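Worksheet: the structure to be examined is printed underneath.
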Amino acid sequence: MPDTTVTATTLHEALAAQVTASPDRVAVSGPAGSLTYQQLGERSDALADRLRQAGVAAGDLVVLSTGRTLEMIVGLVAIAKSGAAYLPVDPGVPAARLRWLVEQAGAVLTLTDGSTAAGSGADVMLVAGGRPDPAVARPGAGAAAAGDRDPLAYVIYTSGSTGEPKGVAVSHRNVLALLEQTEELFRFTADDVWTMFHSIAFDFSVWEIWGSLLHGGRLVVVAEDVARSPAAFLRLLTQERVTVLNQTPSAFLPLVGTGTGADTELPDLRLLILGGERVSMPALRPWLERHGDRRPRLVNMYGVTEGTVFSSYRPIALADLDRPELSPIGAPLPGNRFLVLDEDGRPVADGEPGELYLVGSTVATGYLGVPESSGER
């Protein structure tokens with residue numbers, strides 16, 4: 001990140017440096033228009049004030065549930081500025097699931113554009129205006145203590161595939177550490193154009209949003225109907241001159257076989273990052289044979305929510321196509337360490353199976369309200 005953000009200890013402090021450095025540069029664009037860094041700063045300041053007036057305090061947790069709009073980004077930044085952490089929820093989530101999340105997390109308020117049903121068990125406030133209902137929010141359960149030197153940025157719930165879903169509590173410093181770890185690898189600049197393609201409830205979006213904003217880039221919020229159409233998404237990538245594209249393999253593979261004309265060559269794209277799922281080398285063959293492995297660079301990133309999005313990286317090359325069984329997770333990001341240990345916590349010999357442990361500054365604070373699970377993991 002630029003030198004102006006080196007001393008930042010929170011995401012919104014780092015963003016404030018970008019507002020100061022380039023107030024007139026476009027920060028976010030979408031179907032409904034765009035916001036400069038100055039406008040994003042002002043809009044999020046005003047909303048943060050409303051949140052505080054409604055009783056939101058440092059250490060609280062606020063549900064953020066909106067459509068894919070500029071208001072989503074304003075809301076996310078405002079929650080951070082209020083001192084709270086955000087709990088992202090897709091607008092289409094069933095009401096019972098929303099109430100469960102609010103109860104489990106102890107969220108004090110739901111910030112929405114109106115697309116999320118009321119009755120969540122928390123007070124509701126509209127992103128674009130209006131008072132919460134009722135007017136004063138209840139005291140929060142406290143995602144982190146006020147004055148915490150490492151406050152929480154967000155809580156994202158696991159899928160529950162190995163038991164009941166748990167809320168992974170990730171701090172501001174965890175996210176800042178991730179961006180610092182990847183600085184030398186990718187050399188992001190203010191000239192980069194990123195897409196926000198993924199659901200805000202999926203931590204890939206953390207990388208997309210803050211990776212763009214904290215480097216002074218432009219974030220293109222992808223409308224849901226465009227995200228569901230490979231042809232429309234390809235057109236958007238070309239029209240917006242996107243330089244940094246992040247995709248899960250299952251979302252990316254439909255793009256591989258879509259279009260062969262000059263309008264789908266993506267001449268501005270310099271970096272394509274895959275993550276969130278296992279990579280299949282044979283499935284990547286059409287893309288690599290057409291575009292090569294120099295521009296755009298194709299990189300596989302590996303990680304879990306508990307490790308703040310990504311923990312390792314591996315550039316993918318044309319030569320990898322000769323190893324169809326390969327699904328590389330690569331090397332730990334700078335500053336991280338991987339340990340492969342047996343069930344007694346001892347290092348295993350080369351070639352022996354074991355469990356992968358992550359050591360580094362991106363390891364999350366823990367599971368919200370489940371200290372026994374945090375200690376175990």
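Worth knowing before you read on, the calculation uses all heavy atoms, side chains too, and leaves out hydrogens, waters and symmetry mates. Because the structure is a prediction, the values reported are computed rather than measured. Quick note: residue numbers are just sequence positions, from 1.
- Residues S311 and N336 bring no donor and acceptor atom of their side chains to less than 3.5 Å of each other.
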Practice task
Decide yes or no on side-chain contact (heavy atoms from CB on, under 4.5 Å) for L126 and D113, but give the supporting numbers first.
Solution key: CA-CA 5 Å; L126 297 180; D113 57 5; over 6 Å; no
Practice task
May I have the step-by-step check of side-chain contact (heavy atoms from CB on, under 4.5 Å) for V28 and V221, ending in yes or no?
Solution key: CA-CA 7 Å; V28 189; V221 178; 3.7 Å; yes
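- Taking E289 as the reference, R285, L321 meet the side chain to side chain contact (heavy atoms under 4.5 Å, CB included) condition, with sequence neighbours excluded.
- No donor-acceptor pair under 3.5 Å is formed between the side chain of S205 and the backbone N or O of A201.
- The closest side-chain donor-acceptor pair between K166 and T158, if any, does not fall under 3.5 angstrom.
- Between R228 and D225, none of the side-chain N atoms (NZ, or NE/NH1/NH2) sits under 4.0 Å from a carboxylate O, so this pair counts as no salt bridge.
- Across all non-hydrogen atoms, the minimal contact from A169 to V155 is CA-CG2, 4.1 Å.
- With hydrogens and angles disregarded, no donor-acceptor distance shorter than 3.5 Å links the side chain of E355 to the backbone of L341.
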Practice task
Give the C-alpha distance, both sets of side-chain angles, the deciding distance and a yes or no for side-chain contact (heavy atoms from CB on, under 4.5 Å) between L219 and I209.
Solution key: CA-CA 7 Å; L219 181 66; I209 294 167; 4.1 Å; yes
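- The closest donor-acceptor contact from the side chain of K81 to the backbone of G41 lies under 3.5 Å.
- Once rounded to the nearest 0.5 Å, the distance linking CG of D90 with CD1 of I200 reads 9.0 Å.
- With hydrogens and angles disregarded, no donor-acceptor distance shorter than 3.5 Å links the side chain of E240 to the backbone of V220.
- Counting only distance, with no hydrogens or angles, the side chain of S34 and the backbone of G30 share no donor-acceptor pair below 3.5 Å.
- The two residues S82 and A48 have their closest heavy-atom pair at N-CB, 4.1 Å.
- Side-chain contact between V299 and L272 is absent, with no heavy atoms from C-beta onward closer than 4.5 Å.
- Partners of A232 under the side chain to side chain contact (heavy atoms under 4.5 Å, CB included) rule, at least two apart in sequence or in another chain, are V226, S229, R235.
- Looking at Y37 and L213, their side chains come closer than 4.5 Å, going by heavy atoms from C-beta outward.
- With hydrogens and angles left out, the side-chain atoms of T243 and D192 include a donor and acceptor closer than 3.5 Å.
- D350 CG: 12 or fewer foreign heavy atoms inside a 6.0 Å radius.
- The CG atom of L339 sits 8.0 Å away from atom CG of L356, with the distance rounded to the nearest 0.5 Å.
- Proximity of L76 to W210: side-chain heavy atoms (C-beta onward) are separated by under 4.5 Å at one or more points.
- T308 OG1 to L358 CG: the interatomic distance, rounded to the nearest 0.5 Å, is 8.5 Å.
- Between Y157 and W100, the gap from one ring centroid to the other is short of 6.0 Å.
- Using a 4.5 Å cut-off on side-chain heavy atoms (C-beta onward), L274 and L298 make contact.
- The side chain to side chain contact (heavy atoms under 4.5 Å, CB included) check on R173 picks up T9, D150, S171, with sequence neighbours excluded.
- Qualifying side chain to side chain contact (heavy atoms under 4.5 Å, CB included) partners for S250, counting only residues two or more places apart in sequence or in other chains: T248, E277.
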Practice task
Tell me, with the steps shown, if R99 and E103 meet salt bridge (Lys or Arg N to Asp or Glu O under 4.0 Å).
Solution key: CA-CA 6 Å; R99 286 193 297 272; E103 179 180 349; over 6 Å; no
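- The distance from the CD1 atom of I156 to the CG atom of D203 is 5.0 Å, given to the nearest 0.5 Å.
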Exercise for the section: Could you check D191 against R241 for salt bridge (Lys or Arg N to Asp or Glu O under 4.0 Å), going step by step and ending with a plain yes or no? Expected result: CA-CA 10 Å; D191 293 327; R241 305 190 67 176; over 6 Å; no
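- Taking 4.5 Å as the limit, every side-chain heavy atom of T362 sits out of range of all side-chain heavy atoms of V170.
- Each of V26 and V19 belongs to its own hydrophobic cluster when Ile, Leu, Val, Met, Phe, Trp and Tyr are linked at side-chain heavy-atom distances under 4.5 angstrom.
- Although no hydrogens or angles enter the test, the distance criterion places a donor-acceptor pair under 3.5 Å between the side chain of D342 and the main chain of D344.
- Summarising the geometry, atom CG belonging to L245 is positioned 5.0 Å from atom OG1 belonging to T195; distances are rounded to the nearest 0.5 Å.
- Across all their heavy atoms, L284 and I316 have their closest contact at CD1-CD1, 3.9 Å.
- In this structure, T112 and V127 have side chains that are not in contact, with every pair of non-hydrogen atoms separated by 4.5 Å or more.
- Applying the ring-ring contact (aromatic ring centres under 6.0 Å, His included) test to H198 and every residue at least two apart in sequence or in another chain returns F202, F204.
- For F188, the ring-ring contact (aromatic ring centres under 6.0 Å, His included) partners two or more places apart in sequence, or in a different chain, are F186, W194, W207, H215.
- Y357 and V340 sit in two unconnected hydrophobic clusters of ILVMFWY residues. Membership requires side-chain heavy atoms under 4.5 Å apart, directly or through other members.
- Taking the side chain as every heavy atom from C-beta outward, I73 and M196 approach each other to under 4.5 Å.
- The shortest non-hydrogen separation linking P151 to T10 is CG-CG2, 4.2 Å.
- S22 places no side-chain N or O within donor-acceptor distance of the main-chain N or O of R25, the cut-off being under 3.5 Å.
- Between the CG atom of D45 and the NE2 atom of H12 there is a distance of 10.0 Å, given to the nearest 0.5 Å.
- Hydrophobic clustering, with ILVMFWY side chains joined whenever heavy atoms are under 4.5 angstrom apart, keeps V309 apart from Y302.
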Practice task
Kindly indicate, with the supporting measurements, whether the criterion side-chain contact (heavy atoms from CB on, under 4.5 Å) is fulfilled by V244 and V193.
Solution key: CA-CA 6 Å; V244 179; V193 179; over 6 Å; no
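- Smallest separation of non-hydrogen atoms from V62 and V56: CG2-CG1, 4.0 Å.
- Judged by distance alone, the side chain of D320 and the main-chain N or O of A317 form a donor-acceptor pair under 3.5 Å.
- A side-chain donor-acceptor contact under 3.5 Å links R218 and S29.
- I273 places a side-chain heavy atom less than 4.5 Å from the side chain of F310.
- There is a path of hydrophobic side-chain contacts, each under 4.5 Å, that joins V93 to L368.
- Closest approach of P249 and V279 over heavy atoms only: CG-CG2, 4.0 Å.
- Residues V348 and I329 share a hydrophobic cluster, clusters being chains of Ile/Leu/Val/Met/Phe/Trp/Tyr side chains in contact below 4.5 Å.
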